[in-house]
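Structure record follows, encoded as C-alpha cells.
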Amino acid sequence: MAKGRKTGGRKKGTPNKDNPLKGYLREHSLKYFEPRVQTDPITGSTREIQRQRLAQDEEGNIFKVIDLIPLTDHTSGQPLNISDFEADMIALSPNERVNAELRLLEFHTPKMKAVEVDMEARLSNTRTIEDILSDLCNENDNDEDDDSDDDNDD
C-alpha cells in the first residue's frame, strides 16, 4: 500500500468470480442430503438397499450374507421419504456407520492445536534467591538499627 491508499487489485466489496465446478458440486451435494421418495429410478418400485454382514453356520464356517432392505414405511408399505445420505447410512454396518459419523464430525468441529510454551526464564541478573533474601534481611536490620538510634537520642 502506498501512503494509506489502495493502488491495485479489486475494489472493496467486489464478489468473487463464480466457479462452475464449485457450483455443480454444491448442487450435487445438496441433492444428496435433500429428502426424496425412495423409489428405483429405472423400475419405479420401492428402492432396496444391500447390507452385508458375516454369519456363522453350525460347523463354525464364516460366510458373507447380503440382506436386501426395502426402504418402505412398515405401517403403510409406501416408499420412505428420506435423503440418499440416510439410505446409505442404513446400508452400513453399525461399526462403519460410527466411523462415517466420526469422519463427518471432523468438518463441523474445530481441531485443537498443540501449543508449545517455552517456560525457561532468561534473567540478565544472575543473583540467586538467597542473595535477594539476604539483601532484604539486611535492609530490615538497618531500618531497625536506625529506629533504635533515634530512641537513644531522646
Side-chain angles (χ1 to χ4, degrees), residues 1-140:
M1 277 166 101
K3 298 182 183 179
R5 286 180 269 137
K6 190 169 181 170
T7 59
R10 294 187 297 179
K11 301 285 184 209
K12 186 176 179 179
T14 304
N16 295 336
K17 288 182 184 177
D18 279 340
N19 184 333
L21 178 60
K22 284 184 183 178
Y24 171 78
L25 290 173
R26 187 177 303 115
E27 182 181 322
H28 179 64
S29 294
L30 288 175
K31 284 182 182 176
Y32 182 66
F33 289 101
E34 287 178 357
R36 68 177 187 86
V37 177
Q38 293 294 320
T39 56
D40 189 320
I42 298 170
T43 63
S45 63
T46 301
R47 182 174 163 212
E48 293 180 334
I49 56 173
Q50 296 179 355
R51 181 186 297 162
Q52 296 181 10
R53 62 182 172 91
L54 296 176
Q56 188 173 10
D57 60 11
E58 296 85 24
E59 298 170 0
N61 299 324
I62 298 174
F63 57 95
K64 188 188 304 184
V65 176
I66 298 175
D67 297 323
L68 289 176
I69 302 170
L71 297 176
T72 58
D73 185 6
H74 297 292
T75 57
S76 66
Q78 296 295 318
L80 289 174
N81 189 17
I82 60 173
S83 68
D84 290 338
F85 170 76
E86 291 171 303
D88 289 343
M89 290 299 279
I90 292 170
L92 296 176
S93 69
N95 187 29
E96 293 169 330
R97 195 174 310 125
V98 168
N99 287 333
E101 291 284 347
L102 288 174
R103 292 183 69 191
L104 285 172
L105 278 174
E106 291 177 9
F107 293 100
H108 297 285
T109 53
K111 292 188 177 183
M112 303 298 283
K113 290 187 177 181
V115 177
E116 189 173 318
V117 178
D118 182 14
M119 295 297 291
E120 183 179 324
R122 293 184 179 96
L123 301 173
S124 60
N125 191 355
T126 56
R127 295 177 58 191
T128 64
I129 189 134
E130 288 86 5
D131 294 337
I132 296 170
L133 289 172
S134 174
D135 289 347
L136 289 172
C137 288
N138 290 338
E139 286 178 11
N140 290 339

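It should be emphasised that the depicted structure is a prediction, and the values quoted were computed from it without experimental measurement.
Atom CZ of Arg51 and atom CG of Leu68 lie 11.5 Å apart (nearest 0.5 Å). Once rounded to the nearest 0.5 Å, the distance linking CZ of Arg10 with CG of Asn16 reads 4.5 Å. Within the model, atoms OG of Ser83 and CD of Gln38 stand 7.5 Å from one another, a figure rounded to the nearest 0.5 Å. Separation of atoms CD1 (Ile90) and CG (Leu71) is listed at 5.5 Å; rounding is to 0.5 Å. Note: Ile66 CD1 to Ile69 CD1 = 11.5 Å, rounded to the nearest 0.5 Å. A distance of 6.0 Å separates CG in Leu80 from OG1 in Thr72, rounded to the nearest 0.5 Å.
A pairwise comparison of heavy atoms in Glu48 and Pro70 identifies CG-CA, 3.9 Å as the closest pair. Shown here for Val37 and Pro79, the closest heavy-atom pair between the two residues is CG1-CB, 3.7 Å. When every heavy atom of Ala55 is checked against every heavy atom of Val65, the shortest pair comes out as CB-CG2, 3.7 Å. Smallest separation of non-hydrogen atoms from Leu92 and Ala100: CD1-CB, 4.2 Å.
Few gaps surround CG on Asp57; more than 12 heavy atoms of other groups in view lie less than 6.0 Å from it. Within a 6.0 Å radius of CD1 in Ile129, no more than 12 heavy atoms belonging to other residues, nucleotides or ligands are found.
For Phe33, the ring-ring contact (aromatic ring centres under 6.0 Å, His included) criterion is met by Phe85, not counting sequence neighbours. Among residues two or more places apart in sequence or in another chain, the side-chain hydrogen bond (donor to acceptor under 3.5 Å, both in side chains) test is passed with Asn81 by none. Legend: residues meeting side-chain hydrogen bond (donor to acceptor under 3.5 Å, both in side chains) with Arg36, ordered by chain and number and at least two apart, are Asp84. In this structure Thr14 satisfies the side-chain hydrogen bond (donor to acceptor under 3.5 Å, both in side chains) test with no other residue, sequence neighbours excluded. Residues satisfying the salt bridge (charged side-chain N to carboxylate O under 4.0 Å, His left out) test with Glu34, not counting sequence neighbours, are none.
Remark: side-chain polar atoms of Gln52 are not paired, donor with acceptor, to backbone N or O of Lys64 under 3.5 angstrom. In this structure, the side chain of Ser29 engages the main chain of Leu25 through a donor-acceptor pair within 3.5 Å.
Between Ile49 and Met89, every side-chain heavy-atom pair lies at or beyond the 4.5 Å cut-off.
Sorted by first and then second residue, the pairs that involve residues 93-112 and meet side chain to side chain donor-acceptor pair (under 3.5 Å), not counting sequence neighbours, are Ser93-Glu96.
With 3.5 Å as the limit, one finds a donor-acceptor pair spanning the side chains of Asp131 and Thr128.
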